[in-house]
Amino acid sequence: MSSNCTVLVTGGAGFVGSHACKALSRRGFTPVVYDNLSYGHEDAVRWGPLERGDILDRTRLDEVIATHHPAAIMHFAAFIAVGESVTDPGKYYRNNVAGSLGLMEAARDHGISAFVFSSTAAVYGLPEVVPIPESAPKLPINPYGHSKWMVECMLRDFGEAHGLKSMALRYFNAAGADPDCETGERHDPETHLIPLALDAAAGVGKPLTVFGEDYDTPDGTCIRDYIHVADLAEAHVAALQALLGGADSNAYNLGTGNGFTVRQVIDAVEKVTGRAVPHSIGPRRPGDPAALVADPSAANRDLGWRPRISDLDSIVATAWAWHQKVNG
Ligand SMILES: NC(=O)c1ccc[n+]([C@@H]2O[C@H](COP(=O)([O-])OP(=O)(O)OC[C@H]3O[C@@H](n4cnc5c(N)ncnc54)[C@H](O)[C@@H]3O)[C@@H](O)[C@H]2O)c1
Ligand SMILES: O=c1ccn([C@@H]2O[C@H](COP(=O)(O)OP(=O)(O)O[C@H]3O[C@H](CO)[C@@H](O)[C@H](O)[C@H]3O)[C@@H](O)[C@H]2O)c(=O)[nH]1
């Protein structure tokens, strides 16, 4: 490992980024969070300094990089709401694509050669083969997915032209919370299934609407591959260590390889919380594929990474503990 253990973590005040900071700090790295707090939380920055700034502000980026001299960048900062990306695509292309471009140019200009990027299963669009291998066609069906695939393409080109080495990590459904309850999911607005089901069970939110029960799946509801955010965090550290150890650039799926239906998630929430999840059946949500499940074998093989706490009960139990801490 390089003797310089400082990592610039864009979006480190957010859900996945804050867990990655904890994992980095446990492995001896110093995470310097660079976040404009547009959606993040200042009190989620606990494992290193917070530098407020926008990835679109090149002057501020240069200043922070010159101050901390990071050896690597982990890039989580992005807008993440798929539906909003359809109605306001400019917001997504500016932040996710132009913002990432400025960050990559800053990395190039400051001689930073290791870059770990938050990509997504949304780059695959409506996959024909499930479990999905990394080689599956990249045919995103919304601006959010396009924005992430564009950044992957830019990273490939910066690698060839400038020697910037990168790992693009394509998460499936990030869920759960830190097992020590030090950080967790606090999106606003929240659109993800598990926190909404917990809100409904706790009576702090509306009843859950199940988006469609006429899919070609065993119980008619959509199948997703839920991956614990702490396991995602460990994968980021493994990818970073591989890059710093000389590995080539690559892209990896991060999932368990097991899918669960929306009904199975509701059952798990009812079992873990001991409460009913009030819900009704609504129409399909536009753009939802019937099933998204990762083939995670490449990350297993190359990074030595395996999910450890991504069974559905552990995901829901940690998310529930965090939910109770936040909501009292
Ligand atoms: N949550 C998921 O299920 C999921 C799935 C696949 C991929 N991802 C990707 O993982 C990353 C993190 O997602 P998350 O769920 O933690 O989201 P989040 O909204 O909790 O975190 C994103 C963070 O980035 C910051 N940010 C946004 N734009 C910024 C800018 N211009 N400059 C500086 N900071 C900025 C926000 O303030 C926030 O703290 C994103 O890139 C997302 O696309 C998330
Ligand atoms: O109120 C709700 C919310 C969700 N769902 C369903 O639950 C499943 C999971 O939905 P959600 O939690 O919104 O996640 P996804 O839409 O699968 O998207 C997540 O996972 C993608 C990769 O798989 C990432 O690209 C996205 O950023 C991330 O939000 C889907 O079948 C939804 O139709 C409902 O039935 N009701």
Side-chain angles (χ1 to χ4, degrees), residues 9-20 33-42 44-45 51-57 60-61 74-83 85 91-92 94-96 98-100 102-103 117-124 127 132 140 142 144-145 147-148 151 169-175 183-188 190-197 199-200 205-213 215 217 221-227 229 232 236 253-255 259-263 265-266 279-282 284-294:
V9 183
T10 75
F15 172 45
V16 188
S18 61
H19 290 81
V33 169
Y34 186 83
D35 198 302
N36 64 3
L37 300 182
S38 53
Y39 289 92
H41 303 271
E42 190 165 0
V45 183
E51 293 282 9
R52 281 188 191 223
D54 195 302
I55 52 171
L56 287 158
D57 181 348
R60 177 73 180 130
L61 259 181
M74 275 193 191
H75 178 33
F76 297 92
F79 293 148
I80 66 163
V82 174
S85 81
K91 175 174 175 178
Y92 282 71
R94 180 169 297 104
N95 203 43
N96 297 4
S100 298
L103 186 65
F117 172 58
S118 294
S119 190
T120 169
V123 300
Y124 299 115
I132 308 169
N142 51 60
Y144 169 74
S147 75
K148 292 287 174 174
V151 176
L169 302 180
R170 298 177 187 148
Y171 321 158
F172 282 64
N173 287 62
T183 184
E185 190 163 12
R186 274 183 286 169
H187 292 126
D188 184 16
E190 187 54 79
T191 61
H192 295 111
L193 175 63
I194 291 175
L196 289 177
D199 282 348
K206 293 182 301 200
L208 184 73
T209 303
V210 174
F211 296 145
E213 60 170 355
Y215 286 94
T217 62
T221 63
C222 286
I223 293 174
R224 293 289 182 273
D225 183 341
Y226 296 90
I227 177 82
V229 64
L232 283 184
H236 284 72
N253 287 339
L254 297 181
F260 293 93
T261 66
V262 174
R263 281 193 194 284
V265 170
I266 292 173
H279 64 277
S280 60
I281 308 299
R284 291 183 178 199
R285 185 171 64 178
D288 264 345
L292 281 177
V293 178

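Residues take their numbers from the sequence shown, with the count starting at 1. Indexing begins at 1, ligand by ligand and atom by atom, following the structure's order.
Ranked by closest heavy atom to atom 24 (C) of ligand 2, the top entry among N173, V293, T120 is T120. When the options L193, V123, I223 are ranked by their closest heavy atom to atom 7 (O) of ligand 2, first place goes to L193.
If you look at ligand 1, the protein residues with a non-hydrogen atom under 4.0 Å away are G11, A13, G14, F15, V16, D35, N36, L37, S38, Y39, G40, G53, D54, I55, F76, A77, A78, F79, I80, N95, S118, S119, T120, Y144, K148, Y171, F172, A174, H187, H192.
Taking the ring centre of F15 as origin, the terminal cationic atom of R186 falls outside the region bounded by 6.0 Å and 45° from the ring axis.
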Trace of the side-chain contact (heavy atoms from CB on, under 4.5 Å) decision for D288 with Y215: CA-CA 10 Å; D288 264 345; Y215 286 94; 3.6 Å; yes
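Looking at residues two or more places apart in sequence or on another chain, you find a side-chain contact (heavy atoms from CB on, under 4.5 Å) between E190 and E185, H187, H192, P195, L196. Looking at residues two or more places apart in sequence or on another chain, you find a salt bridge (Lys or Arg N to Asp or Glu O under 4.0 Å) between R60 and E51, E63. In terms of the salt bridge (Lys or Arg N to Asp or Glu O under 4.0 Å) criterion, D57 has no residue partners (sequence neighbours excluded).
Scanning the protein heavy atoms around atom 22 (C) of ligand 2, the nearest turns out to be A121 CB, 3.6 Å.
Of all the heavy atoms of T209, the ones lying under 4.0 Å from any atom of ligand 2 belong exclusively to the backbone.
At under 3.5 Å, not a single nitrogen or oxygen of L292, backbone or side chain, sits near a nitrogen or oxygen of ligand 2. For a threshold of 3.5 Å applied to N or O pairs, the pair formed by V262 and ligand 2 contains no separation below that value.
Under the 3.5 Å distance criterion, with hydrogens and angles disregarded, a donor-acceptor pair is assigned to the side chains of S100 and H75.
Within the structure, ligand 2 has Y226 among the residues with a heavy atom less than 4.0 angstrom away.
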